[in-house]
Asks: 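This is the structure I have questions about; it appears just below.
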Number of protein chains: 2
Amino acid sequence: TAVHSDQDQEAVALAALRFGLVAVPVVDEQERLLGAVPPQALARILRREHEEDLQRLAGISRDGDTFARGVLEAPLGDRLRRRLPWLVIGLLASSLATLVVAGFEHTLDANVAVAFFVPALVYIAGAIGSQAVSVAVRGLGARRMAIVPLLWRELATGSLIGLALGAIVLAPIWWVFGDAWLALAVALAVLGAGTVSAVTGLALPWGFQRLGFDPALGSGPICTILQDVLSLLIYFAMVTWLLL
Amino acid sequence: TAVHSDQDQEAVALAALRFGLVAVPVVDEQERLLGAVPPQALARILRREHEEDLQRLAGISRDGDTFARGVLEAPLGDRLRRRLPWLVIGLLASSLATLVVAGFEHTLDANVAVAFFVPALVYIAGAIGSQAVSVAVRGLGARRMAIVPLLWRELATGSLIGLALGAIVLAPIWWVFGDAWLALAVALAVLGAGTVSAVTGLALPWGFQRLGFDPALGSGPICTILQDVLSLLIYFAMVTWLLL
């Protein structure tokens, strides 16, 4: 077992894990031995990939040398420079969610209780989405996989999760707010949000990987906002259909 | 350099990284050599900690052997069993956010535009919070650190991030919705959400670690909902103060 000199460092470390190697031999295109990646370097690669995933999933920009200094101890200017960019992009993207809700102003005017469930819906869409992203990032790793079978499975997972959570909220909302149609609209929106968030949470990291980026970028603000916006659209569509 | 036989496996792997060791000697309480952790085991520990962090941050339950099978390829029942529990807890906790919004029904009735900014606010609180959690999880690692200086720094980071993002939204909201006080209320809520989310995003993982749990549990639904609820309370307080 050997790796080629042009392979990704994560692939090298994963090869060592898979085959239980202490060091990984590196060969060139003619399969001539160039040298070996020693165990200390493998450990550093694994730790670095760990940190990169954590930071990318949270939308924290890369440092020149993530390993040299803990982010917890980094100076204030450094922290802001690494944390603000994704937040600004997310903030701009989140204006889409604002426009969606504003677009349904008349629905809200007709029944203000529709607004009560917006934070919980956005929360649950984000939670299901970040599970899907995390599973995708961990599962895709440095491998290239066919997307279609994975998507079907994630679609099934997301819709069953949405169905379970929707079933849970139905009776309590009906009982507390005394509106069966509103309860049904929320339940259907949770079902829709689960399906949509799971599928986008897998498809975006896969797409980023296909384009040659780190799949963890798929968890960025665009992905979350997309899930929020789609979930809100489903919710307001249900409300408009069932309540008005 | 050696580790004691009762130390956490992550601490062992971090010791190997810090001192550039191929294998880590293990000693008992009398400093007698018991053996060594070989490089393949160190690599497996690092990879497993990586996976555990990704899954815990996303609220995915632990498998008996996370390493044996990729979550992407796990059977459907398995996926549901590992992903539903945290989502159900989160769904129950998110009813708190619903009750907060419902508690301000009269505010919404008086000015329905207040509802427009709820999804974006919940989004930005969550995004800042998950950055703080990720930094905390990566920074705390297996170490025990004094919380007070870290909290002050995160407080400064969070409030400066909130200030920057709040400043960005002020003029556009004023311009698009033609309401200076509403724009100010949203901007102040973003400032408050940034501060609160950054501080809780650090404090909760630290607290979980102190209680002997994995700090990544601090990112669970309770933490996110807490950030959502606090941000909503700040927002409605600002709206009540400035608009009514």
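Quick note on labels: first sequence line is chain A, next is B, and so on, each numbered from 1. Just so you know, these numbers come straight off a predicted model, no measurement behind them.
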Asks: What residue, out of B/P149, B/A41, B/G20, B/A113, has the most heavy-atom pairs lying under 4.5 Å from chain A?
Replies: B/G20
Asks: Give, as side chain, backbone, both or neither, the part of A/F104 having an atom under 4.5 angstrom from any heavy atom of chain B.
Replies: neither
Asks: Which atoms of A/A164 come close to chain B, meaning under 4.5 Å heavy atom to heavy atom: side chain ones, backbone ones, both, or neither?
Replies: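 Looking at A/A164, just its side chain touches chain B.
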Asks: If you count heavy-atom pairs under 4.5 Å with chain A, which of B/P39, B/S130, B/P119 comes out on top?
Replies: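 Of the candidates given, the most pairs with chain A belong to B/P119.
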Asks: Between A/V101 and chain B, which part of the residue has a heavy atom less than 4.5 Å away: side chain, backbone, both or neither?
Replies: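 Both backbone and side chain.
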Asks: Given a strict heavy-atom distance threshold of 4.5 Å, which part of A/L232 is in contact with chain B: side chain, backbone, both, or neither?
Replies: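 Contact with chain B: side chain only.
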Asks: Which bit of A/I161 comes within less than 4.5 Å of chain B, counting heavy atoms only: side chain, backbone, both or neither?
Replies: both
Asks: Measuring only between side-chain heavy atoms, which start at C-beta, is B/F177 closer than 4.5 Å to A/T98?
Replies: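 Yes, close enough: below the 4.5 Å cut-off.
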Asks: Are B/L160 and A/R79 close enough that some pair of their side-chain heavy atoms sits under 4.5 Å apart?
Replies: no
Asks: Under a 4.5 Å heavy-atom cutoff, which of B/L42, B/L96, B/D109 has the most pairs with chain A?
Replies: B/D109
Asks: Using atom types as modelled and distance alone, determine if a side-chain donor or acceptor of B/Q40 lies under 3.5 Å from a backbone N or O of A/L21.
Replies: no
Asks: Name the region of B/L87, side chain, backbone, both or neither, that has any atom closer than 4.5 Å to a heavy atom of chain A.
Replies: both
Asks: With the side chain counted from C-beta on, respond yes when B/R47 and A/H50 share a heavy-atom pair under 4.5 Å apart, and no when they do not.
Replies: no
